[in-house]
Amino acid sequence: MTQNTTIQWQTGTPKETGKYLITTKYHEVEVDMWLPAPDEYGDHWERHYDEDVIAWCLIESIEPFKF
């Protein structure tokens, strides 16, 4: 069974804390957390440098597979 889903990629800075599907400048798709400013680094990605993230999509916004 095949189901098509479109991911609504966004660029810039996420507006809310959460888990995101990201595309990096190295053409990789990964999962990372966008964190609020708890330290001297300000808002930032947990595992990636901001300049390495090209686009992102909040995982909660992706429709799960329907069966």
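It should be emphasised that the depicted structure is a prediction, and the values quoted were computed from it without experimental measurement.
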Asks: So Leu21 and Val31, side-chain contact (heavy atoms from CB on, under 4.5 Å) or not? Walk me through it.
Replies: CA-CA 5 Å; Leu21 190 64; Val31 173; 4.2 Å; yes
Asks: Donor-acceptor pairs are to be reported for all side-chain atoms of residues 54-67 against protein atoms at under 3.5 Å, with residues two or more places apart or in another chain.
Replies:
residue : atom : partner : partner atom : Å
Trp56   : NE1  : Gly12   : O            : 3.0
Ser61   : OG   : Leu58   : O            : 2.6
Glu63   : OE1  : Lys66   : NZ           : 2.8

Asks: Would a 4.5 Å heavy-atom cut-off, applied to side chains only, mark Tyr20 and Val53 as touching?
Replies: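 Side-chain contact under 4.5 Å: no.
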Asks: Quick check for you: to the nearest 0.5 Å, what is the distance between Met33 atom CE and His48 atom NE2?
Replies: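 It comes to 13.5 Å.
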Asks: I want to check something: taking the side chain as every heavy atom from C-beta on, are Asp50 and Trp34 in contact at a cut-off of under 4.5 Å?
Replies: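 Side-chain contact under 4.5 Å: yes.
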Asks: Please report the interatomic distance CD(Glu46) to CG(Asp32), rounded to the nearest 0.5 Å.
Replies: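 Spacing of CD (Glu46) from CG (Asp32) equals 6.0 Å.
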Asks: Hey, could you give me the NZ/CD distance between Lys15 and Gln10, rounded to the nearest 0.5 Å?
Replies: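 Between atom NZ of Lys15 and atom CD of Gln10 there are 8.5 Å.
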